[in-house]
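Encoded as structure tokens, the structure appears first; notes follow it.
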Amino acid sequence: MTVTEVPAEGLTISGAAELSGLSVDTLRYYEKEGLSLHRPERSASGQRRYTEEDVRWLGTLVMLRRTGMPIRDVRRFVDLYRIEGSEPQRMAILEAHREHVLEQLSEVQTHLDAINRKIDFYKEKVNG
């Protein structure tokens with residue numbers, strides 16, 4: 001996700017959702033679960049207003065979730081992010097998740113290899 005300019009008054013929840021690729025319901029869920037760095041400020045009318053920093057953070061959450069990181073690990077990462085000097089612990093979470101992703105990638109590659117073998121088999125049958 002590339003952050004475009006966020007107006008000085010911030011984005012509404014629907015604007016932040018559109019920019020991040022998340023639904024409004026997901027943004028509310030992330031906020032309820034404590035996954036935002038802080039609660040978005042509110043306009044005079046009570047609407048949430050998302051700053052550029054908020055939108056960048058949403059990009060981090062989107063990336064972590066799209067890699068398959070479980071919410072519990074995202075929550076741990078966020079909690080640690082709020083603690084100065086917790087970089088080693090955050091790095092450990094990311095390294096453990098990387099190992100999990102590499103295992104999944106290896107498994108998917110094995111499946112892909114099997115599919116390719118089957119395709120080759122049928123190509124021989126079809127093309128004689």
### Query
If only atom types and distance count, is the side chain of S20 paired as donor or acceptor with the main-chain N or O of A16 below 3.5 Å?
yes
#### Entry: Criterion side chain to side chain contact (heavy atoms under 4.5 Å, CB included) on R117 and D113, from CA distance to verdict
CA-CA 6 Å; R117 284 192 303 276; D113 292 344; 3.7 Å; yes
### Query
Side chain of S86, backbone of Q89: donor and acceptor closer than 3.5 Å?
no
### Message
As a quick check of understanding, evaluate salt bridge (Lys or Arg N to Asp or Glu O under 4.0 Å) for R48 and E31, giving each step before the final call.
### Response
CA-CA 11 Å; R48 290 172 176 86; E31 189 178 318; 2.8 Å; yes
### Message
Is there a path of hydrophobic side-chain contacts, each under 4.5 Å between heavy atoms of I/L/V/M/F/W/Y residues, joining I93 to V101?
### Response
no
### Message
Strictly distance-based, threshold 3.5 Å: is any side-chain N or O of R56 a donor or acceptor partner for the main-chain N or O of T60?
### Response
no
### Shared hydrophobic cluster, V24 / L27 (ILVMFWY, side-chain heavy atoms < 4.5 Å)
yes
### Task
Answer yes or no: is there a side-chain heavy-atom contact under 4.5 Å between V74 and Y30?
no
### Message
Once side chain to side chain contact (heavy atoms under 4.5 Å, CB included) is applied, do any residues pair with R82, and if so which ones, sequence neighbours excluded?
### Response
V78, D79
### Query
Residues two or more places apart in sequence or in another chain: which of them pass side chain to side chain contact (heavy atoms under 4.5 Å, CB included) with Y81?
L37, W57, F77, R90
### Message
Between T51 and D54, is the side-chain hydrogen bond (donor to acceptor under 3.5 Å, both in side chains) condition met? List the steps.
### Response
CA-CA 5 Å; T51 64; D54 295 328; 3.1 Å; yes
### Query
Would you find more than 12 non-hydrogen atoms of other residues, nucleotides or ligands less than 6.0 Å from E87 atom CD?
yes
### E124 atom CD: more than 12 heavy-atom contacts under 6.0 Å
no
### Message
Between H111 and E107, is the side chain to side chain contact (heavy atoms under 4.5 Å, CB included) condition met? List the steps.
### Response
CA-CA 6 Å; H111 296 310; E107 184 177 341; 3.4 Å; yes
### Summary
Residues S23 and A17: closest non-hydrogen pair is C-CB, 3.9 Å
### Task
Kindly indicate, with the supporting measurements, whether the criterion side chain to side chain contact (heavy atoms under 4.5 Å, CB included) is fulfilled by L11 and R49.
CA-CA 5 Å; L11 292 170; R49 303 307 288 191; 6.0 Å; no
### Query
How far apart are the closest heavy atoms of R75 and L35, and which atoms are they?
CA-CD2, 3.6 Å
### Query
Where the side chain of T12 meets the backbone of G15, is there a donor-acceptor pair that is under 3.5 Å apart?
yes
### Query
Which atom names give the shortest non-hydrogen contact between L58 and Y50, and what distance separates them?
CD1-CD2, 4.5 Å
### Message
So for atom CD, which belongs to Q104, do other residues, nucleotides or ligands contribute more than 12 heavy atoms lying within a distance under 6.0 Å?
### Response
yes
### Query
Are L80 and M91 co-members of a hydrophobic cluster defined by side-chain heavy atoms under 4.5 Å apart?
no
### Query
Would Q109 and L112 count as a side chain to side chain contact (heavy atoms under 4.5 Å, CB included) if you check the C-alpha gap in whole Å, the side-chain angles of each, and the deciding distance to 0.1 Å?
CA-CA 5 Å; Q109 186 62 55; L112 181 59; 4.0 Å; yes
